[in-house]
Amino acid sequence: MTIVNSLMKPLVALALLGGGAHMAAANDHGDDMSETAPFSDWTLVIHGGAGVLERSRMTPEVDAEQRAALTAALEAGKAILSSGGKAVDAVQAAVVVMEDHPGFNAGKGAVFNAAGGIELDSAIMDGASLDAGAASGIMHTKNPILLARAIMEKSPHVMLQGPGADTFSREADLEQAEQSYFETEERRRQLERMRERDAASVFDVDVKYGTVGAAARDTHGNLAAATSTGGLTGKRYGRVGDSPILGAGTFADNRGCAVSATGSGEFYIRANVAAAICARVRFAGESVQDAADAVQQEVFDLGGRGGVIVVGPDGTPAFSFNTAGMYRGVALADGTVETGIYGGEEAGLLNQGAVTE
């Protein structure tokens, strides 16, 4: 399997894939992007997980429900960005909507660990200041992304984990929830199926990495990224994936880009995916699409699967995934609001970096 680089296709193919012409206009000069007209006054991109997302496995009802949830997340972030609000507020708002929806693996609807409990991870980063907050192994914060934000703003630390993070959450007056709030019957069935298979590896080819995330550029030219997840079904021993690790699953730097990732976290950690993408943009002058595709290929070559969403300093969006599909969406200042699920959808900006055999 190879990642399609849309910039190398002829113009006809770009028109079919959608958005490629916009990608071709992306600035190639890293830190000099401020000298060019922005791609968009503000940009918001989101994801709701990647994996075996194929039309043949999706009922029309679930398809419609998931697209509606993605649209609601985009609208929440759009309301902030379109009124001149901050990127960090917009990505938080978008992620909260997806955390509250049981169709994603974050907050309500998160997956079970091997012991039958639910442990949640999250991170948020402000590209203007490089301020960041992250939490892992939390069990009682209703919206994990709000805990990451509280850690960023109210704690001298960057990352808190386990019972200590839950204690900080209570002290920060964040809404708490019993484990039963996060549970759904579908997630319980997924755990039971895994137990029945006695799978040797949690990186099953049929798995969907249901992490949610958002990346944005605001009208002030600042970037931000946020990611939230329940991790992997059946995870053991306090496992932590890439989502709360800055530079792996979440990263934002005005000089490079903003990234949120979803996938087999161990590989995304090893490849330092989010920071690697931003470094290629900042130091090598690559477009956000080329940088995302190149790093996704590295992940694929290691054996990892998943996807990333990226926003460049000029607002250029990029999507890249080495799986059959990725829940994703984009909203722009010109009124564009698009959502996608499957690879190969003819949906404007959403087809960047799709995978072909």
Side-chain angles (χ1 to χ4, degrees), residues 48-51 95-96 98-124 132-152 155 157-172 174-195 199 201-204 207-213 226-246 248-250 260-269 306:
V95 167
V96 164
M98 291 185 283
E99 287 178 335
D100 289 343
H101 191 280
F104 303 107
N105 173 21
K108 187 174 183 64
V111 300
F112 288 90
N113 62 22
I118 293 172
E119 298 171 295
L120 307 165
D121 305 331
S122 61
I124 193 166
S136 68
I138 57 177
M139 302 185 75
H140 295 291
T141 302
K142 179 177 178 288
N143 290 106
I145 200 63
L146 299 185
L147 176 53
R149 181 72 179 272
I151 292 169
M152 180 176 77
S155 167
H157 308 300
V158 172
M159 187 174 188
L160 300 179
Q161 58 85 31
D166 278 323
T167 297
F168 180 82
S169 176
R170 293 190 296 272
E171 292 177 352
L174 297 179
E175 186 175 356
Q176 303 296 295
E178 297 297 324
Q179 285 266 289
S180 58
Y181 164 78
F182 304 109
E183 298 178 4
T184 65
E185 287 302 314
E186 174 58 25
R187 297 304 190 191
R188 179 71 70 179
R189 285 193 292 269
Q190 288 174 356
L191 177 64
E192 293 306 318
R193 288 196 294 269
M194 177 167 282
R195 286 172 171 171
S201 170
V202 291
F203 300 123
D204 191 315
V207 80
K208 184 185 85 65
Y209 305 103
T211 299
V212 306
T227 313
S228 182
T229 188
L232 290 172
T233 300
K235 63 184 180 181
R236 300 183 180 186
Y237 315 119
R239 179 262 186 188
V240 178
D242 64 305
S243 296
I245 298 178
L246 301 173
T250 308
S260 177
T262 173
S264 43
E266 279 70 8
F267 297 93
Y268 279 68
I269 294 169

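Quick caveat: nothing in here was measured; it's all calculated off a predicted structure. Heavy-atom basis, side chains included; hydrogens, waters and symmetry copies ignored.
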K.L.:
Run the salt-bridge test on R188 and E185 with the 4.0 Å N-O cut-off and return the result as yes or no.
P.N.:
no
K.L.:
Spell out, as yes or no, whether a donor-acceptor pair under 3.5 Å connects the side chain of R236 to the backbone of A115.
P.N.:
no
K.L.:
Give the minimum heavy-atom separation between I118 and F112, together with the two atoms involved.
P.N.:
CG1-CD2, 4.1 Å
K.L.:
Of all heavy-atom pairs between D121 and G137, which one has the smallest distance, and what is that distance?
P.N.:
OD1-N, 2.9 Å
K.L.:
For E266 and R239, run side chain to side chain contact (heavy atoms under 4.5 Å, CB included): C-alpha distance rounded to whole Å, both residues' side-chain angles, the deciding distance at 0.1 Å, then the answer.
P.N.:
CA-CA 10 Å; E266 279 70 8; R239 179 262 186 188; 2.9 Å; yes
K.L.:
Which heavy atom of I145 sits nearest a heavy atom of A123, and at what distance?
P.N.:
CD1-O, 3.2 Å
K.L.:
Could you state the interatomic distance from OG1 (T262) to OH (Y268), rounded to the nearest 0.5 Å?
P.N.:
7.5 Å
K.L.:
Taking only residues two or more places apart in sequence or in another chain, which ones pass side chain to side chain contact (heavy atoms under 4.5 Å, CB included) with Q161?
P.N.:
S136
K.L.:
Does any N or O in the side chain of N105 come within less than 3.5 Å of the main-chain N or O of G230, such that one atom is a donor and the other an acceptor?
P.N.:
yes
K.L.:
Taking atom CG of L146 and atom CD of E175, what is their separation to the nearest 0.5 Å?
P.N.:
9.0 Å
K.L.:
Do V111 and L191 come within less than 4.5 Å of each other through their side chains, counting heavy atoms only?
P.N.:
no
K.L.:
Work out which heavy atom in S228 is nearest to a heavy atom in E99; give both atom names and the distance.
P.N.:
OG-OE2, 2.7 Å
K.L.:
Is it true that R189 and E192 have a side-chain N and a carboxylate O under 4.0 angstrom from each other?
P.N.:
no
K.L.:
Using 4.0 Å as the upper bound for N to carboxylate O, is an ion pair formed by E186 and R193?
P.N.:
yes
K.L.:
Only pairs under 3.5 Å count here: list side-chain donor-acceptor contacts from residues 163-171, not counting sequence neighbours, and write none if there are none.
P.N.:
from: D166; atom 1: OD1; to: M139; atom 2: N; distance (Å): 3.4
from: D166; atom 1: OD1; to: H140; atom 2: N; distance (Å): 3.3
from: D166; atom 1: OD2; to: M139; atom 2: N; distance (Å): 3.1
from: T167; atom 1: OG1; to: P163; atom 2: O; distance (Å): 3.0
from: T167; atom 1: OG1; to: R170; atom 2: NH2; distance (Å): 3.2
from: S169; atom 1: OG; to: T141; atom 2: OG1; distance (Å): 2.7
from: S169; atom 1: OG; to: Q176; atom 2: NE2; distance (Å): 2.8

K.L.:
Have a look at P144 and tell me which of V96, I138, I124, L174 forms a side chain to side chain contact (heavy atoms under 4.5 Å, CB included) with it.
P.N.:
I138
K.L.:
Can you list everything that forms a salt bridge (Lys or Arg N to Asp or Glu O under 4.0 Å) with K142? Sequence neighbours excluded, please.
P.N.:
D100
K.L.:
When you measure from the side chain of K235 to the backbone N and O of G241, does any donor-acceptor pair fall under 3.5 Å?
P.N.:
no
K.L.:
Partners of T227 by side chain to side chain contact (heavy atoms under 4.5 Å, CB included), sequence neighbours excluded?
P.N.:
T211, S243, T250, S260
K.L.:
Between CG of D242 and OG1 of T229, what distance do you get to the nearest 0.5 Å?
P.N.:
8.0 Å
K.L.:
Mind running side chain to side chain donor-acceptor pair (under 3.5 Å) on R187 and Q190 for me, showing each step along the way?
P.N.:
CA-CA 5 Å; R187 297 304 190 191; Q190 288 174 356; 3.1 Å; yes
